[in-house]
Amino acid sequence: MAVAECIFCKIVAGSEECHELYRDETTLAFMDIHPANEGHCLVIPRAHFATVFEMPPQSFAAVAATVAKLARAVNETLRPGGLSLLQANGEIAGQTVPHVHVHVLPRRAGDNLPINWDRNRVGDPVHADAVHLAALARRIRARLE
Ligand code: AMP
Ligand code: ZN
């Protein structure tokens, strides 16, 4: 997608409206237009990155700093009981707007938002096998070097 067509770039540029919450040199926070829960808001980098994979770690760190500030403010404003931070990369992960954003999502008892998988779920047992975990950790570590 061209940056000129990106809805979040338009919000950054001021050509599309939003309920702005916070801005600094590199990040912007605003209310989500279709909140999944009361108080649902978003934090974005002001520069266009489609996914976290294109983003320098320091740019993501700046977003994370704003997320931490905003999460505290939302929590103190609404006292929802809990709050999820979510960030999707790619359609399969549920990303619908191809400009990096972190959801700051207040959670309430019984809200039944379909983002919690069963933590006791037994998926493919091969993936939980200690040998498999060790081998996978080695492969990921190699990419971090
Ligand atoms: P995702 O599905 O993770 O890509 O999340 C995209 C989010 O952006 C959704 O929660 C939408 O409701 C929200 N959204 C889309 N367009 C706008 C807009 N113009 N202003 C505020 N939020 C938006
Ligand atoms: Zn953009």
Side-chain angles (χ1 to χ4, degrees), residues 1-13 15-24 26-75 78 80-145:
M1 175 193 281
V3 172
E5 290 158 24
C6 171
I7 185 72
F8 288 175
C9 282
K10 287 183 185 170
I11 288 175
V12 169
S15 59
E16 199 64 49
E17 287 190 3
C18 75
H19 296 279
E20 185 172 323
L21 296 164
Y22 175 86
R23 80 164 56 218
D24 61 22
T26 54
T27 71
L28 177 67
F30 52 91
M31 300 305 293
D32 194 295
I33 204 167
H34 295 128
N37 245 343
E38 188 191 24
H40 181 182
C41 46
L42 302 171
V43 178
I44 67 171
R46 284 170 64 171
H48 182 88
F49 302 101
T51 68
V52 74
F53 309 126
E54 287 95 45
M55 215 173 162
Q58 63 271 25
S59 301
F60 196 82
V63 169
T66 299
V67 167
K69 269 186 205 150
L70 191 66
R72 182 182 290 212
V74 170
N75 193 48
L78 293 171
L83 188 145
S84 296
L85 301 175
L86 295 167
Q87 196 271 321
N89 298 284
E91 263 179 62
I92 285 183
Q95 186 179 17
T96 58
V97 176
H99 180 129
V100 165
H101 50 281
V102 178
H103 295 261
V104 175
L105 185 55
R107 302 301 306 278
R108 297 180 178 83
D111 63 16
N112 287 326
L113 285 177
I115 51 176
N116 291 341
W117 64 93
D118 177 359
R119 299 308 197 255
N120 297 314
R121 167 176 177 265
V122 180
D124 181 348
V126 167
H127 295 155
D129 177 82
V131 174
H132 179 79
L133 288 178
L136 193 52
R138 263 196 307 279
R139 287 171 60 199
I140 297 170
R141 276 198 302 271
R143 292 273 174 192
L144 290 168
E145 280 160 12

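Note that this is a predicted model, so its numbers are computed, not measured.
Listed by chain and residue number, V131, H132 satisfy the side chain to side chain contact (heavy atoms under 4.5 Å, CB included) test with D129 (two or more places apart in sequence, or in another chain). Looking at residues two or more places apart in sequence or on another chain, you find no salt bridge (Lys or Arg N to Asp or Glu O under 4.0 Å) involving E54. Residues forming a ring-ring contact (aromatic ring centres under 6.0 Å, His included) with H40 (at least two apart in sequence, or on another chain): H103. Annotation: salt bridge (Lys or Arg N to Asp or Glu O under 4.0 Å) contacts of R107 (sequence neighbours excluded): D111. For R72, there are no salt bridge (Lys or Arg N to Asp or Glu O under 4.0 Å) partners, not counting sequence neighbours. The side chain to side chain contact (heavy atoms under 4.5 Å, CB included) check on R141 picks up A137, R138, with sequence neighbours excluded. Every residue meeting the salt bridge (Lys or Arg N to Asp or Glu O under 4.0 Å) condition with E20, not counting sequence neighbours, appears here in chain and number order: R23. In this view, V74 and C41, L70, L78, L83, V104, P106 satisfy the side chain to side chain contact (heavy atoms under 4.5 Å, CB included) rule, not counting sequence neighbours. With sequence neighbours excluded, no residue forms a side-chain hydrogen bond (donor to acceptor under 3.5 Å, both in side chains) with N75. Contacts of P56 classified as side chain to side chain contact (heavy atoms under 4.5 Å, CB included), with partners at least two apart in sequence or in another chain: F49, Q58, S59. Looking at residues two or more places apart in sequence or on another chain, you find no ring-ring contact (aromatic ring centres under 6.0 Å, His included) involving F60.
Between the NE2 atom in H48 and the SG atom in C6 there is a gap of 5.0 Å [rounded to 0.5 Å]. Atom OH of Y22 sits about 10.5 Å away from atom CG of L28, to the nearest 0.5 Å. Atom CD of E16 and atom NZ of K10 lie 6.0 Å apart (nearest 0.5 Å). E17 CD to I33 CD1: the interatomic distance, rounded to the nearest 0.5 Å, is 9.5 Å.
Side-chain contact between V63 and M55 is present, with at least one heavy-atom pair separated by less than 4.5 Å. Between H99 and I44 the shortest side-chain heavy-atom distance falls below 4.5 Å. With contacts defined as side-chain heavy-atom distances shorter than 4.5 Å, the pair L42/V102 does not qualify.
For L85 against A71, the heavy-atom pair with the smallest separation is CD2-CB, 4.4 Å. The heavy-atom pair separating R46 from T27 by the smallest distance is CD-O, 3.5 Å.
Among pairs with a residue in residues 31-45, those fulfilling salt bridge (Lys or Arg N to Asp or Glu O under 4.0 Å) read E38-R108, at least two apart in sequence or across chains.
Panel note: side chain Q95, backbone T51; no donor-acceptor pair is recorded below 3.5 Å.
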